[in-house]
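What follows is a single structure, written as structure tokens, with notes after it.
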Amino acid sequence: MRLSKMHINTLREVPGEAEVASHIWLLRAGMIRKLVSGVYGFMPLGYRTLRKLEQIVREEMDAAGAQEIHMSAIQPAELWIESGRWAAMGPEMWRIKDRHGRDFCLGPTHEEVFTDIVRNEVSSYRQLPMNLYQIQMKYRDEARPRFGLMRSREFIMKDAYSFDRDAAGLDESYRVMYEAYRRIFDRCGLDYVVVDADSGAMGGSGSQEFTALAEAGESDILHCGCGFAATSEQAPGVDAPASREDLLPREEVYTPDCKTIESVAAFLGIPKERTMKALLFEVLGEDGNPVEYVAAFVRGDRTLNETKLYNALGVPEHRIRFADEAAMGARTGSVGGFTGPVGLRDCRVVADSELPGLRNLCAGALREGYHMKNVNYGRDFEADLIVDLKLAGGGDPCPLCGSPLAEGRGIEVGQLFKLGTKYSGSMSARYRDENQEEHPVVMGSYGIGVTRTMAAVVEQYHDGDGILWPMALAPYQVIVCPVKSGDETAARLAEEIYTQLLAAGAEVLLDDRDERPGVKFKDADMIGIPLRITVGKRAGEGVVEYKPRNEREREEIPAEEAVRRALEAVFGK
Ligand code: ATP
Ligand code: MG
């Protein structure tokens with residue numbers, strides 16, 4: 001492609017809204033353009049890279065035996081009502097109505113649609129196992145669309161769904177997808193970890209996330225040398241060892257103005273580990289009004305993992321929030337800053353799993369200005385639910401080996417779920433076995449954020465001058481730059497090199513624009529073409545400059561040698 005004929009528009013300035021490298025460089029290199037918040041379009045260079053990424057995904061999915069189909073992004077509400085998710089999905093779901101007032105959504109994911117396809121198409125065990133996938137637009141009206149392609153409201157996802165006869169079949173389908181994911185992200189050149197994940201609103205059990213390591217990522221990752229890795233959302237907390245102390249008599253103490261764990265621990269001269277912290281929530285009904293109060297208790301120095309609490313309660317995130325203290329107090333006896341478990345009424349009490357093992361903790365006394373010392377589980381209070389509520393963090397013991405966990409950040413680029421019969425059960429997707437007995441199909445679902453992966457690659461492959469695309473994803477592999485404009489010899493040699501590379505099957509740009517060398521080099525660096533061949537003052541001797549984007553040094557070598565080296569780099573030796 002000749003740059004003089006191509007639409008390319010690199011930006012000198014950093015666009016105001018862009019904070020992270022991938023957003024900045026994809027905009028500056030002219031690869032993407034914003035339409036409105038969280039909605040982007042792909043320009044010629046960006047679209048080429050996007051299609052290469054899609055092609056890698058497609059090749060590996062096909063090789064893994066999955067079959068590509070294409071479903072509509074528009075989905076009727078009926079399917080979501082059947083699965084129970086029409087009500088469970090929050091404002092992220094983009095709901096629309098047709099002219100008759102019928103409800104639809106723009107698909108945030110396609111479990112329902114694929115389950116519907118399979119219940120209509122599959123009836124016998126002979127048709128299983130089956131894995132169907134698509135590469136298609138998804139819509140999520142994110143609360144905070146940001147970072148360009150990383151968290152957008154319209155994005156491309158590869159979503160695959162496996163259908164098996166039984167759990168053993170699902171295990172195998174899942175394993176095959178896991179291997180395919182490794183190959184996909186390896187081919188993209190990503191540095192990633194695979195973490196155990198929260199299966200959240202998807203339901204089912206067994207889920208992993210592929211997470212590209214990057215500071216700009218939104219996932220907090222905990223990992224350990226022993227191989228353990230998990231999102232901090234999902235990492236199991238490790239209970240403190242049970243205490244052997246004798247139970248001491250309960251005692252109310254005056255703690256004026258001590259509304260925080262820090263202040264009460266300081267006032268009483270005790271470590272925070274000897275206190276208990278209350279977090280108060282209200283569960284909302286359909287109409288948005290509170291229908292139930294929840295008091296969650298963790299040891300004073302711990303942080304509550306809200307996801308674990310919501311999952312334990314079985315309440316979707318948008319139906320629960322921090323309680324209005326006055327309203328909750330009137331009904332349950334809680335007192336802001338002084339809430340403890342003893343004497344609390346008319347609310348659900350959830351205790352962290354280590355609390356029953358601990359002794360003589362200090363908790364709020366349900367009375368303004370007072371705490372209660374020597375509170376003990378069993379003797380003084382009980383809980384409706386006892387579950388792990390702890391948010392794990394760096395330095396906490398690894399749940400597998402006990403060594404301190406390391407902390408990092410990452411970008412979730414893909415996720416695998418074992419769904420089991422969650423959807424096939426509620427939506428009646430069944431097959432008949434050899435004996436004509438009916439069973440629900442056993443499902444898995446597997447997503448890859450294709451556009452987010454493109455951003456993740458830029459997060460890992462950029463420098464101060466722009467993007468450094470890995471060869472597999474570069475919009476073009478080589479750029480040939482004649483730099484003495486008006487110089488016939490240089491122009492002719494550049495043209496020759498360009499033609500030879502093209503004939504050999506390489507994807508090549510010829511920067512034949514009438515621009516200064518500085519402008520050409522800046523653009524080539526910004527858009528991240530892996531190899532640059534510069535044809536300049538030694539063109540008459542047949543000598544050119546060869547420079548890979550990821551190396552500092554440029555080499556002066558004969559043109560034929562440059563062509564040979566470029567082809568080697570593009571196609572491998
Ligand atoms: P997140 O936790 O980041 O919101 P998710 O877990 O809700 O993502 P999934 O339902 O697992 O997302 O979707 C599959 C993949 O789609 C994700 O692994 C991610 O790569 C991608 N993805 C999800 N939401 C977005 C978004 N708003 N913009 C771009 N890609 C996204
Ligand atoms: Mg996910």
Side-chain angles (χ1 to χ4, degrees), residues 1-8 29 31 44-60 62-63 183-184 186-189 454 457 461 466-485 487-513 515 517 520-521 523-573:
M1 184 78 195
R2 289 166 199 278
L3 270 183
S4 61
K5 302 265 183 327
M6 178 172 188
H7 174 73
I8 156 170
M31 299 190 100
L45 290 169
Y47 196 51
R48 281 181 75 95
T49 291
L50 175 63
R51 279 184 302 164
K52 288 192 172 185
L53 182 48
E54 287 183 359
Q55 190 53 25
I56 289 175
V57 171
R58 184 170 282 122
E59 284 170 16
E60 295 300 339
D62 290 348
R183 284 192 296 274
I184 289 168
D186 287 345
R187 285 179 66 181
C188 292
M454 185 164 156
V457 171
Y461 290 89
I467 305 171
L468 290 82
W469 287 114
M471 194 61 83
L473 294 175
Y476 289 88
Q477 298 150 340
V478 191
I479 184 163
V480 181
C481 292
V483 289
K484 263 176 111 185
S485 58
D487 179 336
E488 275 300 307
T489 324
R492 216 174 314 118
L493 183 57
E495 192 78 31
E496 243 169 66
I497 294 170
Y498 173 62
T499 316
Q500 282 175 20
L501 288 169
L502 278 184
E507 299 168 57
V508 197
L509 284 175
L510 176 66
D511 195 349
D512 56 347
R513 295 175 301 174
E515 288 284 3
K520 293 187 177 187
F521 294 162
D523 281 349
D525 283 351
M526 208 182 302
I527 62 185
I529 305 302
L531 300 171
R532 189 178 83 204
I533 297 174
T534 307
V535 187
K537 48 186 183 306
R538 294 184 64 189
E541 310 160 51
V543 171
V544 300
E545 210 179 81
Y546 182 85
K547 183 181 176 301
R549 173 71 178 85
N550 59 4
E551 285 173 24
R552 293 175 71 93
E553 302 308 317
R554 22 181 114 172
E555 269 184 87
E556 296 207 331
I557 52 176
E560 313 81 70
E561 167 82 1
V563 169
R564 196 181 55 74
R565 295 251 295 260
L567 291 176
E568 255 174 35
V570 170
F571 297 111
K573 286 177 195 156

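Keep in mind that this is a model prediction, so the values were computed, not measured.
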If you take all heavy atoms of [X] and [Y], which pair is closest and at what distance?
X	Y	answer
Val457	Cys188	CG2-O, 4.1 Å
Ala569	Tyr546	CB-OH, 4.2 Å
Ile184	Glu60	CG1-CB, 3.5 Å
Met454	Gly46	CE-O, 3.6 Å
Pro475	Met31	CG-CE, 3.7 Å
Gly540	Thr489	CA-CG2, 4.0 Å

Show which side-chain atoms of residues 496-503 pair as donor or acceptor with protein atoms under 3.5 Å away, not counting sequence neighbours.
residue	atom	partner	partner atom	Å
Tyr498	OH	Met1	N	2.7
Thr499	OG1	Glu495	O	2.6

Apply side-chain contact (heavy atoms from CB on, under 4.5 Å) to the pair Lys52 and Trp469, showing each step before the final yes or no. CA-CA 12 Å; Lys52 288 192 172 185; Trp469 287 114; over 6 Å; no

Compare all side-chain heavy atoms of [X] with those of [Y] and state whether any distance is below 4.5 angstrom.
X	Y	value
Pro44	Ile8	no
Leu3	Glu515	no
Tyr461	Asn550	no
Pro482	Leu493	no

Would you tabulate the side-chain donor-acceptor contacts of residues 525-536 under 3.5 Å, counting partners in other chains and residues two or more places apart, or write 'none'?
residue	atom	partner	partner atom	Å
Arg532	NE	Thr534	OG1	3.3

When rounded to the nearest 0.5 angstrom, what is the spacing between [atom1] in [X] and [atom2] in [Y]?
X	Y	atom1	atom2	answer
Glu545	Ile557	CD	CD1	10.0 Å
Leu510	Met6	CG	CE	12.5 Å
Thr49	Leu53	OG1	CG	8.5 Å
His7	Leu45	NE2	CG	9.0 Å
Gln477	Leu509	CD	CG	10.0 Å
Glu555	Lys547	CD	NZ	11.5 Å

Are the side chain of Asp512 and the backbone of Ser4 linked by a donor-acceptor contact shorter than 3.5 Å?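 Checking the backbone N and O of Ser4 against the side chain of Asp512, a donor-acceptor pair under 3.5 Å is found.
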
Taking it one step at a time, do Arg564 and Glu561 satisfy salt bridge (charged side-chain N to carboxylate O under 4.0 Å, His left out)? CA-CA 5 Å; Arg564 196 181 55 74; Glu561 167 82 1; 3.0 Å; yes

